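Just below is one structure, and these are the notes that go with it.
Quick caveat, the model's predicted, so the values are computed rather than measured.
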2 protein chains.
Amino acid sequence: MTIKEVASQLGVSASTISRALARPELLSTETRERVLEAVDRLGYQPNLVARALRLQETRLIYVVIPTLSPFFLEVFRGVERGARETGYAALVGHTGRNVQREQLFLDQVASYRGDGVILVTSSDPAALLARRKRMPPVVAALEEIEGLAAPAVRVDHRKGAVDATNHLLALGHRRVAYIGGPEGQVIAGHRREGFHLAMNQAGLDPDGYPYLAVDYAVELGEQAMESLLTLHPPPTAVFAGNDEIAIGAIRAIKRVGLQVGRDISVIGFDDQRLASLYEPPLTTIRVPTEELGYRAILMMVDQLQGRSTEEDIVLPTSLVIRSTTGAPRA
Amino acid sequence: MTIKEVASQLGVSASTISRALARPELLSTETRERVLEAVDRLGYQPNLVARALRLQETRLIYVVIPTLSPFFLEVFRGVERGARETGYAALVGHTGRNVQREQLFLDQVASYRGDGVILVTSSDPAALLARRKRMPPVVAALEEIEGLAAPAVRVDHRKGAVDATNHLLALGHRRVAYIGGPEGQVIAGHRREGFHLAMNQAGLDPDGYPYLAVDYAVELGEQAMESLLTLHPPPTAVFAGNDEIAIGAIRAIKRVGLQVGRDISVIGFDDQRLASLYEPPLTTIRVPTEELGYRAILMMVDQLQGRSTEEDIVLPTSLVIRSTTGAPRA
DNA sequence: CGGGGCTTTGCAAACCTTTGCAGACAATTA
DNA sequence: TAATTGTCTGCAAAGGTTTGCAAAGCCCCG
């Protein structure tokens with residue numbers, strides 16, 4: 001059922017049908033009603049592909065995330081909500097931190113399949129985008145993208161890490177270790193900087209324990225913690241680069257018979273759902289993931305519709321104290 | 001950079017460019033090489049919207065899920081992998097179990113924006129699809145859709161539930177309660193049937209404890225378990241409709257000072273990531289979620305490309321014994 | 001040397017909308 | 001009554017691609 005078929009059924013032109021749906025005030029009351037009735041009766045649905053071709057906009061936004069994890073899912077949830085509210089659809093793609101896969105998505109957008117891209121971190125985005133021929137509008141979510149003039153909706157990872165570290169220090173800890181996210185990742189870097197900053201400020205050596213950079217996975221956090229436990233003296237507190245690593249660390253600690261929150265404190269980052277569910281519930285730094293995604297898509301739409309979006313948006317993190325941190329044993 | 005621009009740069013027709021990319025063997029070696037070189041040099045990327053309009057296929061598959069939970073995320077991950085392998089893209093939409101939202105997605109596909117729909121459960125799909133004008137190809141994942149002649153890639157929930165119940169019975173439990181998924185949901189229904197079947201077969205009354213139908217959420221499982229614990233005598237084992245409910249039940253049990261796996265056994269369903277991570281690790285029925293999604297998209301593509309897909313695919317579930325089930329106390 | 005067949009390329013239509021422009025007609029004003 | 005203004009509708013082009021058909025050119029064979 002195309003617009004022409006509806007038109008010929010009614011003995012009017014296709015233009016009239018189009019206008020009845022897009023700008024009904026242009027039609028006489030009588031025609032408008034006849035058309036709308038027929039559209040309804042025949043179940044006509046405009047072909048979105050044809051419309052996209054004509055209007056040169058697909059109303060589709062690509063969201064590129066590194067992995068399909070619950071964490072990024074939260075961000076996507078926000079994007080999806082905002083997209084729905086503004087009449088867009090969101091297409092999520094995960095790259096598995098693989099540059100080629102990332103390239104693939106950008107290609108698709110470059111092929112006019114999407115109106116814009118929301119990049120939620122990226123392996124090497126600046127390089128990628130620079131060599132794109134047709135540069136689609138980009139918004140960065142979660143963290144700014146180095147070397148790229150794209151507006152960002154982000155969080156101050158450095159400050160969050162300072163807060164986390166200070167929380168441990170305020171409890172009286174002096175032997176604090178840091179298990180960080182993957183080497184080379186921007187976010188992981190910032191969080192580590194925050195840790196350094198706070199430790200230095202307290203007059204402590206941030207490199208008192210080896211810096212272990214592991215990917216965001218429970219198993220890897222567990223391994224890292226195991227190796228820290230072999231040191232003498234072991235740390236009394238550990239700051240983990242995210243909640244999954246923290247959970248891993250807790251598992252390792254439990255396994256050797258120590259009690260988390262009493263013998264060793266652990267603090268995470270992100271406040272994933274897992275954090276509050278776990279036993280014991282995890283002390284962590286909350287990142288407003290859903291909100292991040294929501295703001296990012298709104299910023300994207302603003303940009304697409306010609307409203308200015310100069311400024312980055314920085315959302316606050318907050319310390320959520322649960323049960324895995326406490327004063328060091330006397 | 002359109003195909004015409006490339007063509008005029010080279011002094012050939014647009015057809016030649018198109019053929020160089022789609023059916024290179026039709027061109028003379030010389031022309032082919034000239035064209036491909038120019039395409040590369042100019043960075044020409046075919047406009048996918050125009051192609052979709054011409055070919056009447058978008059190479060986009062909609063995946064409709066009830067909620068953006070880690071569980072459905074697993075299914076989607078499989079879909080995404082299969083889509084990538086076959087040259088499709090997958091667009092995920094969650095309905096929040098809201099019929100209107102579901103309608104919205106189907107409308108979009110009906111508007112030729114997607115080539116097909118993978119429905120991962122649905123509120124009232126048969127009714128919805130019946131009144132759709134243009135019925136797109138549909139594949140059901142996870143569970144068949146009642147009243148709809150769509151092929152399904154699914155799991156035998158009934159049998160899985162029988163296995164779970166039998167595991168508890170084999171351990172010696174006689175006072176077994178069931179906390180189920182939301183009322184009216186097909187999958188929850190089948191799982192409950194399995195529980196009934198196994199209990200009856202063992203000569204036990206499946207309705208010895210009230211049937212509590214709660215949504216798949218930790219908090220609700222917790223509440224349900226609380227109410228079971230007030231009964232005299234309380235159950236010695238609980239079969240939960242999914243892992244989240246099971247985790248909730250465990251929390252309630254822990255809270256009253258009982259030990260899970262010794263005082264009361266709990267078994268879940270799905271084997272979500274949470275299940276193995278939790279303390280204690282959860283005994284559950286594993287559902288091959290990722291595989292489910294993968295097979296579903298392959299079936300979809302088969303259907304779109306005219307290969308026959310008559311038969312449902314049924315994947316096996318398996319019992320994963322961890323630490324939350326054990327023999328009842330003497 | 002003429003005709004048939006093959007290879008290679010171009011023309012033009014089709015996919016379905018939207019929208020600028022202009023025409024038709026009615027109503028108003030001089 | 002003629003001219004002007006305004007309202008409503010249709011025509012046709014444009015958006016970028018693919019592909020059936022036909023034409024052009026070439027080679028080969030009789």
Review point. Checking all strands, does B:Leu27 fall into the base, sugar-phosphate, or nothing category for heavy-atom contacts under 4.0 angstrom?
Key: sugar-phosphate

Point to revise | Distance in angstrom units between A:Leu53 CG and C:dT19 C1', rounded | key: 14 Å

Check your understanding: Could you state the CD-P distance from A:Gln45 to C:dC16, rounded to the nearest angstrom?
Key -> 15 Å

Exercise for review: Answer yes or no: does a side-chain N or O of A:Tyr44 lie under 4.0 Å from OP1 or OP2 of C:dT17?
Suggested key: yes

Review point. Whole-Å distance between D:dT17 C1' and B:Arg59 CZ?
Key: 15 Å

Practice item. Check every strand shown and say whether A:Val12 touches a base, only sugar-phosphate, or nothing at a heavy-atom separation below 4.0 Å. Key: sugar-phosphate

Practice item. Identify, with sequence neighbours excluded, every residue that meets salt bridge (charged side-chain N to carboxylate O under 4.0 Å, His left out) alongside A:Arg154. Key: A:Asp312

Exercise for review: Figure out the CD/C1' separation between A:Glu25 and D:dG6, and round it to whole Å.
Suggested key: 16 Å

Exercise for review: Take A:Glu85 and A:Tyr294 through the side chain to side chain donor-acceptor pair (under 3.5 Å) test and state the conclusion after the steps.
Suggested key: CA-CA 10 Å; A:Glu85 286 175 7; A:Tyr294 184 67; 2.6 Å; yes

Check your understanding: Just to confirm, is there a sub-4.0 Å distance from OP1 or OP2 of D:dA14 to any side-chain nitrogen or oxygen of A:Arg54?
Key -> no

Check your understanding: Over how many whole Å does the gap from A:Tyr112 atom OH to D:dT17 atom C1' extend?
Key -> 13 Å

Practice item. Please state how far atom CD in B:Glu57 lies from atom P in D:dG16, giving the value in whole angstrom units. Key: 21 Å

**Study point:** Phosphate OP1/OP2 of C:dT9 contacted by B:Thr31 side-chain N/O (<4.0 Å)
**Key:** yes

Check your understanding: B:Ser28 side chain N/O closer than 4.0 Å to the phosphate oxygens (OP1, OP2) of C:dT7?
Key -> no

Review point. What are the residues of residues 15-24 of chain B, sorted by number, that bring a heavy atom to within less than 4.0 Å of DNA chain D?
Key: B:Ser15, B:Ser18, B:Arg19

Practice item. Give B:Leu55 one of three labels, base, sugar-phosphate or nothing, depending on what nucleic acid heavy atoms sit under 4.0 Å from its own. Key: sugar-phosphate

Exercise for review: Ignoring backbone atoms, establish whether A:Gln56 has a side-chain N or O less than 4.0 Å from OP1 or OP2 of D:dA14.
Suggested key: no

Practice item. Rounded to the nearest angstrom, tell me the gap between atom CD in A:Glu30 and atom C1' in D:dT9. Key: 13 Å

Point to revise | Closest-nucleotide ordering on DNA chain C, the 5'-leading residue of B:Ala14 and B:Ala50 | key: B:Ala14

Point to revise | Student check: side-chain heavy atoms of B:Val117 and B:Phe105 closer than 4.5 Å | key: no

Check your understanding: Distance-only, no hydrogens or angles: does the A:Thr58 side chain make a donor-acceptor pair with backbone N or O of A:Arg113 under 3.5 Å?
Key -> yes

Exercise for review: Would you kindly give the CG-to-P distance between A:Leu26 and C:dG20, to the nearest whole Å?
Suggested key: 11 Å

Review point. Between A:Glu5 and A:Tyr44, does any side-chain donor sit less than 3.5 Å from a side-chain acceptor?
Key: no

Review point. Is B:Arg81 salt-bridged to B:Glu290, cutoff N-O under 4.0 Å?
Key: yes

Review point. Is the shortest heavy-atom distance from the side chain of A:Leu304 to the side chain of A:Tyr88 under 4.5 Å?
Key: yes

